[in-house]
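Notes to accompany the following structure.
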Amino acid sequence: MTTMEEVSPLLDQVKTAYNRMLSNGDPRVSDWAMMASPMPTFGIVVFYLFAVWYGKKVMEQRPSGFEIRNLLVMYNSCLVALSAWLVYEFSVAGWVFGGYTFGCQPVDASMRPQALRMARACWVFYISKLIELADTIFFILRRRFQLISFLHVFHHSVMAASWWFGVHFVPGGFSTFHALINSFIHTMMYTYYALAAAGPQLHPYLWWKKYMTTAQILQFIVVIAHTTQLFFFEDCDYPIIFGWWIITYSIIFLLLFSHFYYQAYIKPRKAKPSPPKDIKNGTADMTKKKDN
């Protein structure tokens, strides 16, 4: 039987390894909010998962959901502005006007204003993933349980947790490409949500919902293609472990979003019944029915 004396050295080793890992982070961001340790972020994600589980159980007891239309319009509009700002910052600090290349792009760990601007954009992007956890809470409050899929919860949880490591260790460089693409997609997505929440009078103009899923699928294909090249560089000063992580969850999300697209848009179309055989020239032959 394991004794406390045997467990204690093991715990000391784990603690030492954990502290060593944290010390290898980018010193520029170590004092920024939420960056000292991943535990607050993990705690938020665990609380989010509990809130999803328990919130559904509570709201299932109510006859109807809450009417929070004005709150949703404001929330989604703020995320449109935040996502658009992130597109601008990632572009100016690196990918369009900042001299980044689509090949090997190391992290600029200097104190140059341009490098610090990119690090700040990465931190705000991480904070935005924590804010976006509220999407699911609003679904629950409105009793829109059909929108709370495994894909939805998994995607929100993984993005919030994983981006702590991105900001702590590599706030800039190669991996910020997918943050740029994701911010662009979310600008479009939250615009749709804001308009949908504004009222049914706008719903006839929201025909492009299907194409948002298509854009998300294309996003992961582009990110996978971009990340794959990292494994072929002979000498690229960028941690390969982040390449493995990005490509792994991009493939998982690609499969999940493709499955969702099939279930939501292709399968229903295939399941539509074929028209009756006695339909001719666009009108049904009612003779048989009259005879009966």
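Residues Val45 and Ser157 share a closest heavy-atom pair of CG1-CB, 4.0 Å. Here the shortest heavy-atom pairing between Thr136 and Val52 reads CG2-CG2, 3.7 Å. Residues Tyr48 and Leu133 come closest through the heavy atom pair CE1-O, 3.4 Å. Annotation for Gln105 and Cys236: closest pair N-SG, 4.3 Å, computed over non-hydrogen atoms. Contact detail for Gly243 and Thr227: the closest heavy-atom pair is O-CG2, 3.4 Å. Between Pro106 and Cys104 the shortest heavy-atom distance is CD-O, 3.7 Å.
Aromatic ring centres of Phe253 and Phe154: separated by under 6.0 Å. The distance between the ring centers of Phe231 and Trp244 falls below 6.0 angstrom. Ring centroids of Trp95 and Phe90 are separated by 6.0 Å or more, keeping the two rings apart. Ring centers of Phe220 and His178: at least 6.0 Å apart, outside the cut-off.
Atoms OG1 and CD1, from Thr228 and Ile247 in turn, are 3.5 Å apart once rounded to the nearest 0.5 Å. From Ile137, atom CD1 reaches atom CD1 of Ile140 across 4.5 Å, with rounding to the nearest 0.5 Å. Taking CG from Leu82 and CG from Leu86, the interatomic distance works out to 5.0 Å, rounded to the nearest 0.5 Å. To the nearest 0.5 Å, the span separating CZ on Phe138 from CG on Asn76 amounts to 8.0 Å. Atom CZ of Phe165 sits about 9.5 Å away from atom CD1 of Ile241, to the nearest 0.5 Å. Distance check: Ser250 OG to Ile181 CD1 gives 11.5 Å after rounding to the nearest 0.5 Å.
Glu67 has no carboxylate O lying under 4.0 Å from a charged side-chain N of Arg142, or vice versa, which leaves the two without a salt bridge.
Hydrophobic clustering (side-chain heavy atoms under 4.5 Å, transitive across Ile, Leu, Val, Met, Phe, Trp, Tyr) keeps Phe42 apart from Trp53. By the criterion of side-chain heavy atoms lying less than 4.5 angstrom apart, applied directly or through intervening Ile, Leu, Val, Met, Phe, Trp or Tyr residues, Leu141 is not grouped with Val73; the two fall into different hydrophobic clusters. Under the 4.5 Å side-chain heavy-atom criterion for grouping Ile, Leu, Val, Met, Phe, Trp and Tyr, Phe242 is connected to Phe233 within one hydrophobic cluster. Hydrophobic clustering (ILVMFWY, side-chain heavy atoms < 4.5 Å, transitive): Ile68 and Leu195 are in one cluster. There is a path of hydrophobic side-chain contacts, each under 4.5 Å, that joins Ile185 to Ile252.
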Please determine whether side-chain contact (heavy atoms from CB on, under 4.5 Å) holds for the pair Phe184 and Leu180, giving the CA-CA distance in whole Å, both sets of side-chain angles, and the decisive distance to 0.1 Å.
CA-CA 6 Å; Phe184 174 77; Leu180 168 66; 5.8 Å; no
Let me see the working for Leu206 and Tyr192 under side-chain contact (heavy atoms from CB on, under 4.5 Å), right down to the final yes or no.
CA-CA 7 Å; Leu206 300 178; Tyr192 174 89; 3.5 Å; yes
Taking it one step at a time, do Val167 and Met35 satisfy side-chain contact (heavy atoms from CB on, under 4.5 Å)?
CA-CA 8 Å; Val167 179; Met35 285 292 103; 3.4 Å; yes
For Val46 and Leu49, what are the C-alpha separation, side-chain angles and deciding distance, and is it a side-chain contact (heavy atoms from CB on, under 4.5 Å)?
CA-CA 5 Å; Val46 170; Leu49 295 173; 5.5 Å; no
Could you walk me through whether Phe139 and Phe145 pass the ring-ring contact (aromatic ring centres under 6.0 Å, His included) check?
CA-CA 7 Å; Phe139 288 158; Phe145 301 139; over 10 Å; no
Could you please spell out the steps behind the ring-ring contact (aromatic ring centres under 6.0 Å, His included) verdict for Tyr193 and Tyr75?
CA-CA 10 Å; Tyr193 288 156; Tyr75 167 78; 9.1 Å; no
Just do the salt bridge (charged side-chain N to carboxylate O under 4.0 Å, His left out) check on Glu89 and Arg120 with the steps written out, would you?
CA-CA 9 Å; Glu89 286 298 297; Arg120 181 186 64 182; 3.0 Å; yes
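Annotation: cation-pi pair Arg62/Phe66 present, NZ/CZ under 6.0 Å from the ring centroid and within 45° of its normal. The side-chain tip of Lys209 does not point at the ring of Tyr211 from less than 6.0 angstrom away and within 45° of straight on.
In this structure a side-chain-to-backbone donor-acceptor pair under 3.5 Å is present from Thr176 to Gly173. A donor-acceptor pair is defined here as one N or O able to donate and one able to accept, closer than 3.5 Å; such a pair exists between the side chain of Ser149 and the backbone of His152. Checking side-chain atoms of Trp207 against main-chain N and O of His203 turns up no donor-acceptor pair under 3.5 Å. Using a distance-only test at 3.5 Å, with no hydrogens or angles considered, no donor-acceptor pair links the side chain of Ser30 to the main chain of Asp26. With hydrogens and angles ignored, the 3.5 Å screen pairs a side-chain donor or acceptor of Gln229 with a backbone N or O of His226. The closest donor-acceptor contact from the side chain of Gln219 to the backbone of Ala215 lies at 3.5 Å or more, if one exists at all. A distance-only check finds no donor-acceptor pair linking the side chain of Arg117 to the backbone of Ala93 [under 3.5 Å]. Checked by atom type and distance alone, the side chain of His156 never pairs as donor or acceptor with a backbone atom of Lys129 at under 3.5 Å. Side-chain atoms of Arg28 never come within 3.5 Å of backbone atoms of Ala119 as a donor-acceptor pair (strictly under, hydrogens ignored).
Around atom OH of Tyr265, more than 12 heavy atoms belonging to other residues, nucleotides or ligands sit under 6.0 Å away. With a 6.0 Å radius and a threshold of 12 heavy atoms from other residues, nucleotides or ligands, His259 has its NE2 atom at or below the threshold. Atom CG of Leu202 has more than 12 heavy atoms from other residues, nucleotides or ligands within 6.0 Å.
Side-chain contact between Tyr261 and Lys210 is present, with heavy atoms from C-beta onward closer than 4.5 Å. Between Phe150 and Leu256, some side-chain heavy-atom pair lies under the 4.5 Å cut-off. With a 4.5 Å cut-off on side-chain heavy atoms, Met159 and Glu132 do not count as touching.
At a cut-off of 3.5 Å, with distance as the only test, no side-chain donor of Asp108 or Gln114 sits close to an acceptor on the other residue. No hydrogens or angles considered: a donor-acceptor pair under 3.5 Å links the side chains of Ser175 and Tyr238. Side-chain contact of Tyr249 with Ser162: a donor-acceptor pair under 3.5 Å is absent, judged by distance alone. A side-chain N or O of Tyr126 and one of Thr41 form a donor-acceptor pair less than 3.5 Å apart.
Using a 30° and 60° split on the angle between ring planes, Phe125 and Trp163 fall in the perpendicular class, above 60°. Ring geometry for His186 versus His155: interplanar angle of 30 to 60°, hence tilted.
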